[in-house]
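Nothing fancy with the numbering, it's 1 onward along the sequence. Computed from a predicted model, the values in this text were never measured in an experiment.
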Amino acid sequence: MTSGLWELVLNGVWITVQLLVLSAVLATVVAFVAGIARTHRLWIVRFLAGLYTEVFRGTSALIMMFWVFFVMPTALGWQLVPLWAGTLALGLTYGAYGAEVVRGAIAAVPQAQRDAGIALSLTPWQRTRLILLPQSVPEMIPPFSNLLVELLKGTALVSIMGMGDLAFSGNLIRLALQESTEIYTYILLIYFVLAFLLTRLMRGLEKSLKVRTGKVVRTGSPEATADVKAGAAA
């Protein structure tokens, strides 16, 4: 390919990364808000959070993107640019899946920890912030990593709106060169590299969080040295 076509590919990668970051931030915020709401003591809060989760998990991300980009302007009288329409549709859709991850991780915290918070007269929000989230967040990272990779692949859906992401740029080059095998192989490799980097990043984050919460002892730390000495003495 010529330098101009590679520039088109790089521009598509940049747009894909922007969309991934924006929609991932929105999905994370939505996931924590809805996931924590699923554990709320008020039934109406649990019901509304559950309704959102079931609706967005039960609908197609592609159709949701169509709805946001084509239907919502008719109802509201204004239209989002493709970047923000894609961010909204992907963020809300994958946020619904993330909400179940958050709910499940919080529910997995031992009851004794909750009872300890009650015994200390902590408010529900304090128990969530100081006890439940620090223990549950490291357990959320592996499923969140999978969702992030799925979100990366889902960004290709924005090409239906004419947005110049990686998938859209690859298709333009294919039409220009009349070559499918080489172009789509390059695009697959680029998606793979991006996904690989995301998984490495999330794995590093998981290890860091587990070290901070004491679930994993860092090699070379005083605790690890003490454990080795204790094992040798035994």
(request) Return the set of residues passing ring-ring contact (aromatic ring centres under 6.0 Å, His included) with Phe168 (not counting sequence neighbours), or none when no residue passes. (result) none
Taking the side chain as C-beta and beyond, is there a heavy-atom pair between [X] and [Y] under 4.5 Å?
X: Leu133; Y: Ile106; value: yes
X: Leu62; Y: Phe66; value: yes
X: Asn171; Y: Tyr184; value: yes
X: Leu90; Y: Leu22; value: no
X: Leu92; Y: Leu88; value: yes

Could I get the full list of salt bridge (Lys or Arg N to Asp or Glu O under 4.0 Å) partners for [X], not counting sequence neighbours?
X: Arg114; answer: none
X: Arg103; answer: Glu100
X: Arg57; answer: Glu54

Between the main-chain N or O of [Y] and the side-chain N or O of [X], is there a donor-acceptor pair closer than 3.5 Å?
X: Thr128; Y: Pro124; result: yes
X: Thr93; Y: Ala61; result: no
X: Ser145; Y: Ile141; result: no

(request) Any pair with a residue in residues 79-108 that passes ring pair (Phe, Tyr, Trp, His ring centres under 6.0 Å), sequence neighbours left out, goes on the list, sorted by first then second residue, please. (result)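 Counting only pairs at least two positions apart or across chains, no ring pair (Phe, Tyr, Trp, His ring centres under 6.0 Å) contact touches residues 79-108.
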(request) To the nearest 0.5 Å, tell me how far Thr16 OG1 sits from Ile190 CD1. (result)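 Result: 9.0 Å between the selected atoms.
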(request) Report the distance from atom CD of Gln113 to atom CD1 of Ile118, rounding to the nearest 0.5 Å. (result) 12.0 Å
(request) Supply the members, apart from Val29, of the Ile/Leu/Val/Met/Phe/Trp/Tyr cluster built from side-chain contacts under 4.5 Å; use none for a lone residue. (result)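 Answer for Val29: Val33.
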side-chain hydrogen bond (donor to acceptor under 3.5 Å, both in side chains) involving [X] - partner list, sequence neighbours excluded:
X: Thr74; value: none
X: Gln18; value: none
X: Arg200; value: none
X: Gln111; value: Asp115

(request) Not counting sequence neighbours, which residues clear side chain to side chain contact (heavy atoms under 4.5 Å, CB included) with Leu189? List them please. (result)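 Leu189 satisfies side chain to side chain contact (heavy atoms under 4.5 Å, CB included) with Thr185 once adjacent residues are dropped.
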(request) Sorted by first residue and then second, give each side chain to side chain donor-acceptor pair (under 3.5 Å) pair with at least one member in residues 148-167; sequence neighbours left out. (result) Glu150-Lys153
